[in-house]
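In this chain, residues are counted from 1 in sequence order.
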Amino acid sequence: MDRALPDAARGMGMSGLQVLVKAELPVAMPLILVGMRTAAVQIVATATIAAAVSFGGVGRLIVDDLARRDFTLVVGGGVLAAFAALLILAVFAVLQRVLISDGLRDR
């Protein structure tokens with residue numbers, strides 16, 4: 001990060017904590033949310049794969065019905081897993097809209 005931002009904040013009389021909370025954190029928030037969004041989608045994907053070792057969840061539907069050759073339910077489980085990932089993405093899109101200042105948002 002460019003040192004001009006914290007220097008300007010200190011020049012305005014902010015304490016170290018105020019510099020972090022009011023200057024640096026808002027600028028870093030888009031990157032933080034991208035990392036959290038990516039991690040959340042990976043968790044959904046991993047939870048689906050975890051059914052292969054008997055941990056249950058939506059992946060259980062996929063693994064069990066794949067063994068039974070019931071491909072309709074396999075596709076249904078895949079659609080549910082994809083829907084869960086899209087739901088996570090939608091939640092993070094709303095969070096990004098609420099938490100990130102208009103001046104920092106990509107247009």
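For L25, the side chain to side chain contact (heavy atoms under 4.5 Å, CB included) criterion is met by M29, I32, not counting sequence neighbours. With sequence neighbours excluded, the residues that form a side chain to side chain donor-acceptor pair (under 3.5 Å) with D64 are R60.
For the atom pair CD1 of I43 and OG1 of T38, the computed distance is 11.0 Å after rounding to the nearest 0.5 Å. Distance check: L33 CG to I100 CD1 gives 5.0 Å after rounding to the nearest 0.5 Å. Distance check: L89 CG to R37 CZ gives 6.5 Å after rounding to the nearest 0.5 Å.
Clustering of Ile, Leu, Val, Met, Phe, Trp and Tyr by side-chain heavy atoms under 4.5 Å joins I49 with none of the others. Grouping Ile, Leu, Val, Met, Phe, Trp and Tyr by side-chain contacts under 4.5 Å, direct or through others, puts V74 with I62, L66, F71.
Within the structure, side chain to side chain donor-acceptor pair (under 3.5 Å) contacts touching residues 68-77 (residues at least two apart or in different chains) are D65-R68.
Neither M36 nor V34 shares a network with the other; the hydrophobic side chains, linked directly or stepwise wherever heavy atoms of I, L, V, M, F, W or Y lie under 4.5 Å apart, form separate groups for each.
A81 and V44 make their closest contact through O-CG1, 3.9 Å (heavy atoms, listed as atom of the first residue, atom of the second, distance).
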Pair up each side-chain donor or acceptor in residues 8-21 with any protein partner under 3.5 Å, not counting sequence neighbours, and list the distances.
| from | atom 1 | to | atom 2 | distance (Å) |
| --- | --- | --- | --- | --- |
| S15 | OG | Q18 | N | 3.4 |
| Q18 | OE1 | S15 | N | 2.9 |

